[in-house]
Amino acid sequence: MAQQDSSITTRAENYSAWYNDVIAQGDLLDDAPVRGCKVLKPHGFGIWENIQKFFDQRFKDTGHVNAYFPLFIPMSFLSKEAAHVEGFAMECALVTHHRLRTTKDEAGNVAVEPDPASQLEEPLVVRPTSETIIWHMYGRWIDSWRDLPILINQWANVVRWEMRTRPFLRTAEFLWQEGHTAHATEAEAVEETLKMLDIYAEVAETKLAVPVVKGRKSARERFAGAVETYTIEAMMQNGWALQAGTSHFLGQNFAKAFDVTFQTKEETRDYVWATSWGVSTRLVGAVIMTHSDDDGLVLPPEVAPIQVVLLPAGPPKVWGQVMPKIDEIAAGLKAAGIRVKVDDRDNVRSGAKFFEWERKGVPLRLEIGPRDMEQGQAFAKRRTGGDKFGIAFDGIVEAVQAELTTIQCELFERARAQREACTYRVDSRAEFVEKIETQPGFYLIPWGGDDADEEAVRDETRATLRCFPMEQEPCDGLTCPLTGKPAQEWAIFARAY
RNA sequence: CGGGGUGUAGCGCAGUCUGGUAGCGCACCUGCUUUGGGAGCAGGGGGCCGUCAGUUCGAAUCUGACCACCCCGACCA
């Protein structure tokens, strides 16, 4: 039987072609007519919806509330915080007119162009992030210590005109959440920053089954306008690092830039302390790259839009015997909160359905045919491999739940083992330069360099300082193998997306 | 913005050198037969050949300009 043109490039052959194939065959995205923009198709958006659900619940559990700030920001706002404007100016989309007018060419074809009479006095920036407009508003809302803290999150789209885009990992427009909090004290803001980092790590590991390293960014990699940036870093199957979420301690930088002060309990005036934190649809890319294989998408049950697909086996003419049972089981699974799809299309053969749902990463498939009816069981197959096996109708809901739990755990453990296997230490710069090329992964370095050293390493190796892990062994007395200077702190270096 | 590549049916491509009625595979529609891992046969529908301007009796094909997208770099969640 000939393979259809639904084949997927293998990871060994070409990792980035594999990634694009997995996304196309998984029916997650489609190209939009605008460069760098993608349509999130239902199966792709469904993954994001599940991720949203986990975070939104936790944000609310920790006292945050959702709000929504506008897409458009007055251009002048961007320039109020010096580092911030440096970081984002290069990638901002602008709105300069508010009206079109129609024109006709010689052939009489109608076209449209900006109406020069409608040019805006001050262009509007399409938000690349919302710190500026939010701090403008916070200035109006904060008077005294009694107005603090403000713990607001927003789910939104942002636009960054990137030169190079990759599906999910970097697109011109993307979806995310951005939390923006305002506090009376530095300690409280720092605590908030770290609390949100913990939530990011917990969801990444327990829900997305993506192991992450919590860490602090170097000055070079810090968010534009932040005092400290914390990150969760994941490792993809090719050994590259992916920054999967960031939490920033903004100090009083934005409060000063937007002149946001409050009256303290002691009746003095002080600038407000701030944090911001975000995760984006990039997490969907992290899930895809962490778990998928050469047969296509593999999704952890917790984030899979469809967790179980149920389908009748045998020719449609015998389905009358099995469909009532399938519907009954589907109803039972749904009632238990399991996301089920019954695939009863009679114009697609069973074999074709198997491949389709495997390409789409559905964790568990159940087939029921006349033979299974006689034996009182469904025929099951895990997306993650192994032979088909029977699951008795009696107690099937519990059995399926147990299967999904097992799959979830296995995926996390597999990913963690993969990361451990690709985490290295080196004794010299020469060894590092050679190995980072041939053996991508996380390189644990007792780092002793400064900004300039960091940049030099990057220029030579294309590897960057991903983070200083929060969990640190002492490195007293060690010498940094990359700079020859005394080690100050353990750092992870890697190639990164 | 540099270097490379590609624009022909929904998708993947041939045809372009050497100008002469628009092709193939998959997908789609109809019918029959099939059906526990990608069905077979027969019939059928679908095109401004990226855009504009040239050359020519005649252009997917030759010439020029432009546009778009993809890959590889520099920038980045």
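All values below come from the heavy atoms of this structure, side chains included, with hydrogens, waters and symmetry mates left out. Chain naming here is simple, since letters A, B, ... match the order of the sequence lines and numbering starts at 1 in each.
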Looking only at atom [atom1], what distance separates [N] and [M], rounded to whole Å?
N      : M      : atom1 : answer
B:rC11 : B:rC49 : P     : 16 Å
B:rG25 : B:rG43 : P     : 12 Å
B:rU51 : B:rA59 : C1'   : 15 Å
B:rG50 : B:rA9  : C1'   : 15 Å
B:rC41 : B:rU35 : C1'   : 16 Å
B:rU30 : B:rC69 : C1'   : 37 Å
B:rU56 : B:rU63 : P     : 16 Å
B:rU61 : B:rG23 : C1'   : 14 Å

d([atom1], [X]; [atom2], [N]) in whole Å:
X        : N      : atom1 : atom2 : result
A:Arg166 : B:rC70 : CZ    : C1'   : 13 Å
A:Asp344 : B:rG36 : CG    : P     : 18 Å
A:Leu311 : B:rU35 : CG    : P     : 18 Å
A:Gln321 : B:rG36 : CD    : P     : 15 Å
A:Asp346 : B:rU35 : CG    : P     : 15 Å
A:Arg282 : B:rA77 : CZ    : C1'   : 5 Å
A:Arg349 : B:rG36 : CZ    : C1'   : 11 Å
A:Trp277 : B:rA77 : CH2   : P     : 19 Å

Which part of the nucleic acid, if any, lies within reach of [X] when heavy atoms closer than 4.0 Å are counted: base, sugar-phosphate only, or nothing?
X        : value
A:Ser350 : nothing
A:Gln243 : sugar-phosphate
A:Glu358 : base
A:Phe174 : base
A:Leu242 : nothing
A:Gly314 : sugar-phosphate

Legend entry - A:Phe354 aromatic ring stacked with six-membered ring of B:rG37, 5.5 Å and 30°: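 Base of B:rG37: not stacked against A:Phe354.
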
[X] side chain: which of [options] is closest?
X        : options                : result
A:Pro316 : B:rU35, B:rC71, B:rG37 : B:rU35
A:Thr171 : B:rA77, B:rC75, B:rG37 : B:rA77
A:Arg365 : B:rG36, B:rG37, B:rA77 : B:rG37
A:Phe355 : B:rG37, B:rG36, B:rA77 : B:rG37
A:Arg164 : B:rU35, B:rA77, B:rA74 : B:rA74
A:Arg458 : B:rC75, B:rG36, B:rC71 : B:rC75
A:Phe379 : B:rG36, B:rG37, B:rA77 : B:rG36

Legend entry - Whether A:Trp48 and A:Trp155 hold their rings parallel, tilted or perpendicular, with breakpoints at 30° and 60°: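 If you compare the ring of A:Trp48 with that of A:Trp155, the planes turn out perpendicular.
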
Inset, instruction - Check the angle between the aromatic planes of A:His136 and A:Phe77 and answer parallel, tilted or perpendicular using the 30° and 60° thresholds. - result: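 The arrangement is tilted - the two ring planes meet at 30° to 60°.
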
Can you confirm whether or not the ring centre of [X] sits under 6.0 Å from the ring centre of [Y]?
X        : Y        : answer
A:Phe55  : A:Tyr200 : yes
A:Phe432 : A:Tyr443 : yes
A:Trp447 : A:Phe493 : yes

Please determine, for [N], whether a Watson-Crick or G-U wobble partner exists with both distances under 3.5 Å, and give it or none.
N      : result
B:rC57 : B:rG20
B:rG43 : B:rC29
B:rC66 : B:rG50
B:rG73 : B:rC1
B:rU34 : none

Quick check: any donor-acceptor pair below 3.5 Å linking the side-chain of [X] to the base of [N]?
X        : N      : answer
A:Glu356 : B:rG37 : no
A:Lys388 : B:rG37 : yes
A:Arg371 : B:rG36 : yes

Legend entry - Along RNA chain B (nearest heavy atom to each residue), the more 5'-positioned of A:Pro167 and A:Thr281: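 Nearest nucleotide further toward 5': that of A:Pro167.
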
Legend entry - Given RNA chain B, 5'-ward residue of the pair A:Asn347 and A:Arg462, judged by closest heavy atom: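 Nearer the 5' end of the strand: A:Asn347.
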
Legend entry - Ionic contact status for A:Arg383 with A:Asp293, cut-off 4.0 Å: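 Looking at A:Asp293 and A:Arg383, the cut-off is met.
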
Legend entry - A:Asp27 with A:Arg359: basic N within carboxylate O range, under 4.0 Å: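 A salt bridge is absent here (no side-chain N lies under 4.0 Å from a carboxylate O).
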
Legend entry - side chain to side chain donor-acceptor pair (under 3.5 Å) contacts touching residues 71-92 of chain A (sequence neighbours left out):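 Found A:Ser76-A:Glu122.
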
Inset, instruction - Measure from NZ or CZ of A:Lys381 to the centre of the six-membered ring of A:Phe354 and say whether it is under 6.0 Å with the direction within 45° of the ring axis. - result: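 Ring-cation test returns no.
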
Legend entry - Cationic tip of A:Arg160 above A:Trp176 ring, under 6.0 Å, 45° of axis: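 Judged by the rule, A:Arg160 and A:Trp176 form a cation-pi pair.
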
Legend entry - Minimum side-chain heavy-atom gap A:Lys217-A:Glu233 below 4.5 Å: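 With C-beta onward as the side chain, the pair touches.
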
Inset, instruction - Scan residues 194-217 of chain A against RNA chain B and write down, sorted by residue number, each residue with any heavy atom closer than 4.0 Å; if none is found, say none. - result: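 Hits under 4.0 Å, by residue number: none.
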
